[in-house]
Protein chains: 2
Amino acid sequence: MSEPKYVQIIEVIKQRIKEDIYLPGEMLPNQNDLATELGVSRMTVKKSLDILGKDGYVYSKRGAGTVVRKRMAHKLNSLPIGGYDGLSKELGGPVTSQVIKFAIHFPSLEVQQALELDKNDPVYEIRRLRIVNGQPYGLEHTFLPLKIIPDLNSDIFLGSFYQFLHHDRKLEIGGAQRSLSAEKADGYDQKYLKSYPTDPILQVKQIVYLKDGRPFEISINRHPYAQHHTYTYLDVKHN
Amino acid sequence: MSEPKYVQIIEVIKQRIKEDIYLPGEMLPNQNDLATELGVSRMTVKKSLDILGKDGYVYSKRGAGTVVRKRMAHKLNSLPIGGYDGLSKELGGPVTSQVIKFAIHFPSLEVQQALELDKNDPVYEIRRLRIVNGQPYGLEHTFLPLKIIPDLNSDIFLGSFYQFLHHDRKLEIGGAQRSLSAEKADGYDQKYLKSYPTDPILQVKQIVYLKDGRPFEISINRHPYAQHHTYTYLDVKHN
DNA sequence: GAGTGGTCTAGACCACATA
DNA sequence: ATGTGGTCTAGACCACTCC
């Protein structure tokens, strides 16, 4: 089957916003009219508008209507795709990778707990440097359980790992828990990110979950101060 | 009227998880049974479970059931309440504040754009130091438009500003856009956060929106390296 | 008062997981 | 084959905004 109706409607409305059919700060048609026009029930339209709201495209006011957001949710990497594939588009150039380490071993205690593994469940360990426009963009340190994705080889990590996941392994990402902090540059950072010892490093530690709830990756990603990276996300109240 | 049913159900289920009636890793009753037991329709139960999913309490698998998450979403300040009121509970001690600056003036260009203001719309500017357990916790730099919240005085900022908003002014927060980065310690940081010049600072810049979509605050919050603060949030795919 | 979005229902059908 | 959650409907009633 094709995609559910509410997803199709999300795409239609996004498109109309992009084409300035619905203008920022202006009202959308009301839910009943949209439902009639799109040939679905009002509840389905509402579901679409709710998701568009959570993604920062519109907001709805009871008694008034639904409005296109003025200051759009650009520069967002709130996508639960793990890496920074969302950001890469805005950086102009493509992301290339240099695999520094590709190993297999038993997990440390932290990795065991994060990935809900037994101490005898082996994991892959990958370190790779991400490069954009010839500049070091981030240093990734990733652990993956063989239980979930066996038969990896280092070549996979030269391209987009998340694309490989989706198309080759049919694994779908459900979300992630991210912890951000400011750190001092260590030896790795100085070597690969070309950071000075006094440069602050933005660290993003994430545990990524599949749609079925299994934790499937823990990674620690460090970003250099040089290009003054910011990590932006939307936090919209659920209702 | 009281709260909507789906909110009440969320509270019931949260309570049952807390009381180990529903155990981590175990299945909840199916949606039909829950609906019957709670005296609502299945759609309403589903709405509650969806929100619990987005908040990290449970996850649902089509064809299988709904499971309580094993590694709970603790240590989360993903709440769109603006400040770090969510975190304060876990730090043991209460949060106190020292108001460093309370002023009123016309907005800079950045503030104008963030808050969708005209250059003649005045704003409050507040700088305050947040202290937890006698240690500097964060340095806040906040701008608020008089258009939305007039008649402020500096005493309000000694307590919980967001509580004041909700109870005294009936303003409801709808969400926020946050940008995190790692910065070098400047003069303010060294003076108030007792940071060394080489300490990295975790900076959180946020634009907070009301439920009706109006931007209502921009603030830049800086956190010292000393207690190694991490900023954690959940990023769950919308569906 | 008229129009809007928010909640809720009772039921239907479908996609998927598990056995 | 059975049971589960996901989608969708047509309609109802309510809360709210704005004129």
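Chain A is the first sequence line, chain B the second, and so forth, proteins listed ahead of strands; every chain is numbered from 1.
With sequence neighbours excluded, no residue forms a ring-ring contact (aromatic ring centres under 6.0 Å, His included) with B:Tyr59. Partners of B:Tyr124 according to the ring-ring contact (aromatic ring centres under 6.0 Å, His included) rule, which considers only residues two or more places apart in sequence or in another chain, are B:Phe102. Applying the side chain to side chain donor-acceptor pair (under 3.5 Å) criterion to B:Glu37, with sequence neighbours excluded, gives B:Arg16.
Side-chain contact check for A:Tyr209 and B:Arg69: no donor-acceptor pair (N or O, by modelled atom type) lies under 3.5 Å. A:Glu217 and A:Ser219 form a side-chain donor-acceptor contact under 3.5 Å, judged by distance and modelled atom types alone. A donor-acceptor contact closer than 3.5 angstrom is absent between the side chains of B:Arg178 and B:Tyr233.
Side-chain proximity of A:Pro4 to C:dG6, C:dT7, D:dT7: nearest is D:dT7.
Spacing between atom CG of A:Asp212 and atom C1' of C:dA15 amounts to 16 Å, rounded to whole angstrom units. Whole-Å rounding puts the A:Tyr59 OH to C:dG6 P distance at 13 Å.
Taking 4.0 Å as the cut-off between side-chain N and carboxylate O, A:Lys54 and A:Asp50 do not count as a salt-bridged pair.
Within residues 24-33 of chain A, no residue has any heavy atom closer than 4.0 Å to DNA chain D. Near DNA chain C, meaning a heavy atom under 4.0 Å from it, residues 36-51 of chain A has A:Arg42, A:Met43, A:Lys46 in order of number.
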When you compare the protein's N or O atoms with those of nucleotides 16-19 of chain D, which come within less than 3.5 Å of each other, and at what distance?
residue	atom	partner	partner atom	Å
D:dT17	O4'	A:Gly63	O	3.4

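For D:dT4, neither phosphate oxygen OP1 nor OP2 lies less than 4.0 angstrom from any side-chain nitrogen or oxygen of B:Thr66. Between B:Tyr6 and C:dC8 there is no side-chain N or O to OP1 or OP2 distance below 4.0 Å.
In this structure, A:Asp235 and B:Gln206 have side chains that are not in contact, with every pair of non-hydrogen atoms separated by 4.5 Å or more.
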